[in-house]
Amino acid sequence: MTGFLLFCIMSAFLLSACGNTDSPTTASTAAKINVVAAENFYGNIASQIGGRYVNVTSIISDPNIDPHTFEANPRYAKAVGTANLVIENGGGYDDWMDRLIASTPNNNRQVLTGFNLATVKIPDNEHVWYSYENAETIATAIAAKLTALDSSHATEYDNNLQTFKQSLQQIQQKINEIKNKYQGTPVGLTETIYQYQTGPMGLNVKTPEAFQKAMAEGNDPSASAVATAEDQINQHQIKVLIYNEQTASKFTDTLQSDAKAQHIPIVPVTETMPAGKTYQTWMLGQLNQLEQALGK
């Protein structure tokens, strides 16, 4: 075992043992390619593609953390500095990763940026991983990078990629089912993240865009946007409220309370993949909840 590889493994171990809620999580300790993902959904995709030949460290892995306000501390620099492949979202979502990369020069390190790779984009909306089409594109790029780094296992990477692509069909089918049943149904969104799925489902998002964007950017929405969002609930102009649990504020808490009082179903969604999930089961679980709520 080379000294460099030993250093990579020891670094990943130390990071996973830190114990804080925002500590990175490590998928494997006997990996050949060291991958660091800014967010755990990208880390999970990399794990599915790389299998036993990759060691994946995901920096943001706690659904209780608001990724918009996350600040990486210096200990993450060690993992990024020794990585063979770094995966970030980009688009202004995780600028802290760009700073970590800049502070740890490594000519042998590859970097993938999900936002730049995405083929499906909504203006001023960096949450591109919520599109299963973008997930497929990013997974394909990950497989290509792993193959370039380790051509001896190219067949395994390609097989895993094909399996991943096939599994995404379940998400596409569920979105189509919901569209066929509930297209045009008025819903509320507390934040822009879920637009990547409400759009393909044909749901009619009523919440003012200004309210959603303010929540996504960590700002206070205008009084008029708040009043409109509250009126839509209290006057039963929406059938379901889709609530981003990771960008909670006094404004979104009010909408949630109003929805409960008016017996309007609330569907929680998250930006970070919950523990014990894969990208696919995470997306499907939320879609199933939404389908049940729309059917009430």
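Val187 and Ile233 are members of different hydrophobic clusters when ILVMFWY side chains are connected at heavy-atom separations under 4.5 Å. Linking Ile, Leu, Val, Met, Phe, Trp and Tyr residues whenever their side-chain heavy atoms come within less than 4.5 Å leaves Ile193 and Phe211 in two separate clusters. Put simply, Val240 and Tyr243 are part of two different groups of oily side chains (I, L, V, M, F, W, Y) that touch within less than 4.5 Å, one to the next. Criterion: ILVMFWY side-chain heavy atoms under 4.5 Å apart, direct or through other members. Under it, Ile178 and Ile238 are not part of a common hydrophobic cluster.
Looking only at side-chain heavy atoms (C-beta outward), Ile138 and Leu112 stay at 4.5 Å or farther from each other. Looking only at side-chain heavy atoms (C-beta outward), Gln162 and Asp158 come within less than 4.5 Å of each other. Contact check for Thr252 versus Thr247: no side-chain heavy atoms found under the 4.5 Å cut-off. Val86 is listed as a side-chain neighbour of Val80, based on a closest heavy-atom distance under 4.5 Å. At least one side-chain heavy atom of Leu168 sits less than 4.5 Å from a side-chain heavy atom of Ile171. Side-chain contact between Tyr132 and Ile175 is present, with heavy atoms from C-beta onward closer than 4.5 Å.
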Side-chain donor-acceptor distances from residues 262-274 under 3.5 Å, at least two apart:
unit_1 : atom_1 : unit_2 : atom_2 : d
Gln262 : OE1    : His236 : NE2    : 2.9
Thr270 : OG1    : Thr272 : O      : 3.0
Thr270 : OG1    : Trp282 : NE1    : 3.1
Glu271 : OE1    : Tyr93  : OH     : 2.6
Glu271 : OE2    : Asn244 : ND2    : 3.0
Thr272 : OG1    : Gln246 : NE2    : 3.1

Can you give each donor-acceptor pair under 3.5 Å made by side-chain atoms of residues 288-296, sequence neighbours left out, with the distance rounded to 0.1 Å?
unit_1 : atom_1 : unit_2 : atom_2 : d
Asn288 : ND2    : Leu284 : O      : 3.2
Glu291 : OE1    : Lys174 : NZ     : 2.9
Glu291 : OE2    : Lys181 : NZ     : 3.2

Side chains of residues 200-208: which donor-acceptor partners sit under 3.5 Å, not counting sequence neighbours?
unit_1 : atom_1 : unit_2 : atom_2 : d
Thr207 : OG1    : Leu189 : N      : 2.9
Thr207 : OG1    : Leu189 : O      : 3.4

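Applying the side chain to side chain contact (heavy atoms under 4.5 Å, CB included) rule to Ser152 yields the partners Lys32, Asp150; only residues at least two apart in sequence or on another chain are considered. In this structure, the side chain to side chain donor-acceptor pair (under 3.5 Å) partners of Thr104, at least two apart in sequence or on a different chain, are Arg109. Looking at residues two or more places apart in sequence or on another chain, you find a side chain to side chain donor-acceptor pair (under 3.5 Å) between Thr281 and Thr278. For Gln195, the side chain to side chain donor-acceptor pair (under 3.5 Å) partners are Asn125, Glu209, Gln212, not counting sequence neighbours. Remark: Gln173 engages Gln169 in a side chain to side chain contact (heavy atoms under 4.5 Å, CB included) (not counting sequence neighbours). Gln235 is linked by a side chain to side chain contact (heavy atoms under 4.5 Å, CB included) to Asp231, Gln237, counting only residues two or more places apart in sequence or in another chain. Shown here are the side chain to side chain contact (heavy atoms under 4.5 Å, CB included) partners of Ala210, two or more places apart in sequence or in another chain: Ala225. Qualifying side chain to side chain donor-acceptor pair (under 3.5 Å) partners for Thr113, counting only residues two or more places apart in sequence or in other chains: Glu88.
In terms of heavy atoms, Leu241 sits closest to Ala259 at CD2-CB, 4.0 Å. Pairing each heavy atom of Met215 with each of Phe251, the nearest pair is CE-CD1, 4.0 Å. Shortest non-hydrogen contact noted between Ala46 and Ile87 is CB-CD1, 3.9 Å. Scanning all heavy atoms of the two residues, the minimum distance from Val226 to Pro221 falls at CG2-CG, 3.5 Å. The minimum heavy-atom distance linking Ser47 with Val54 is given by the pair CA-CG2, 4.3 Å. What you find for Asn106 and Gly81 is that their closest heavy atoms are ND2-O, 3.0 Å.
Taking the six-membered ring where tryptophan is involved, the planes of Phe70 and Trp96 are perpendicular, since the angle between them exceeds 60° and thus also 30°.
Applying the side-chain hydrogen bond (donor to acceptor under 3.5 Å, both in side chains) rule to pairs touching residues 134-149 yields Gln110-Lys145, sequence neighbours excluded.
Note that CD1 of Ile242 and CD of Gln197 are 9.0 Å apart. Values are rounded to the nearest 0.5 Å. For the atom pair Asn44 CG and Ser58 OG, the distance stands at 8.0 Å (nearest 0.5 Å). The distance from the OH atom of Tyr279 to the CZ atom of Phe41 is 9.0 Å, given to the nearest 0.5 Å. In this structure, CD in Glu177 is found 10.5 Å from OH in Tyr182, a value given to the nearest 0.5 Å. In this structure, Met97 CE and Arg99 CZ are separated by 11.5 Å, a value rounded to the nearest 0.5 Å. If you take CD on Gln172 and OG on Ser167, they are separated by 12.0 Å, rounding to the nearest 0.5 Å.
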>> Apply side chain to side chain contact (heavy atoms under 4.5 Å, CB included) to residues Glu191 and Lys213 and explain how you reach the verdict.
In response: CA-CA 6 Å; Glu191 209 248 48; Lys213 286 185 177 180; over 6 Å; no
> After noting the C-alpha distance and the side-chain angles of Leu146 and Ile33, does the key distance pass the side chain to side chain contact (heavy atoms under 4.5 Å, CB included) rule?
Replying inline: CA-CA 8 Å; Leu146 294 179; Ile33 299 176; 3.9 Å; yes
>> What verdict does the side chain to side chain contact (heavy atoms under 4.5 Å, CB included) test give for Leu161 and Lys165, after you've listed the backbone C-alpha separation in whole Å, the side-chain angles of each residue and the deciding distance to 0.1 Å?
In response: CA-CA 6 Å; Leu161 174 63; Lys165 287 181 176 181; 3.9 Å; yes
>> Apply side-chain hydrogen bond (donor to acceptor under 3.5 Å, both in side chains) to residues Tyr42 and Glu39 and explain how you reach the verdict.
In response: CA-CA 6 Å; Tyr42 287 134; Glu39 297 85 14; 5.8 Å; no
> Please walk me through it: do Asn84 and Asn108 pass side chain to side chain contact (heavy atoms under 4.5 Å, CB included)?
Replying inline: CA-CA 7 Å; Asn84 303 114; Asn108 297 318; 5.9 Å; no
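A donor atom on one side chain and an acceptor atom on the other are found under 3.5 Å apart for Tyr130 and Gln286. A side-chain donor-acceptor contact under 3.5 Å links Gln280 and Gln48.
Although no hydrogens or angles enter the test, the distance criterion places a donor-acceptor pair under 3.5 Å between the side chain of Asp94 and the main chain of Asn89. Distance alone, capped at 3.5 Å, places no donor-acceptor pair between the Tyr196 side chain and the Lys121 backbone. At distances below 3.5 Å, not a single donor-acceptor pair connects side-chain atoms of Ser151 with backbone N or O atoms of Ala148. Between the side chain of Asn180 and the backbone N or O of Asn176, at least one donor-acceptor pair lies under 3.5 Å. Side-chain atoms of Asn160 come within 3.5 Å of backbone atoms of Ile49 as a donor-acceptor pair (strictly under, hydrogens ignored).
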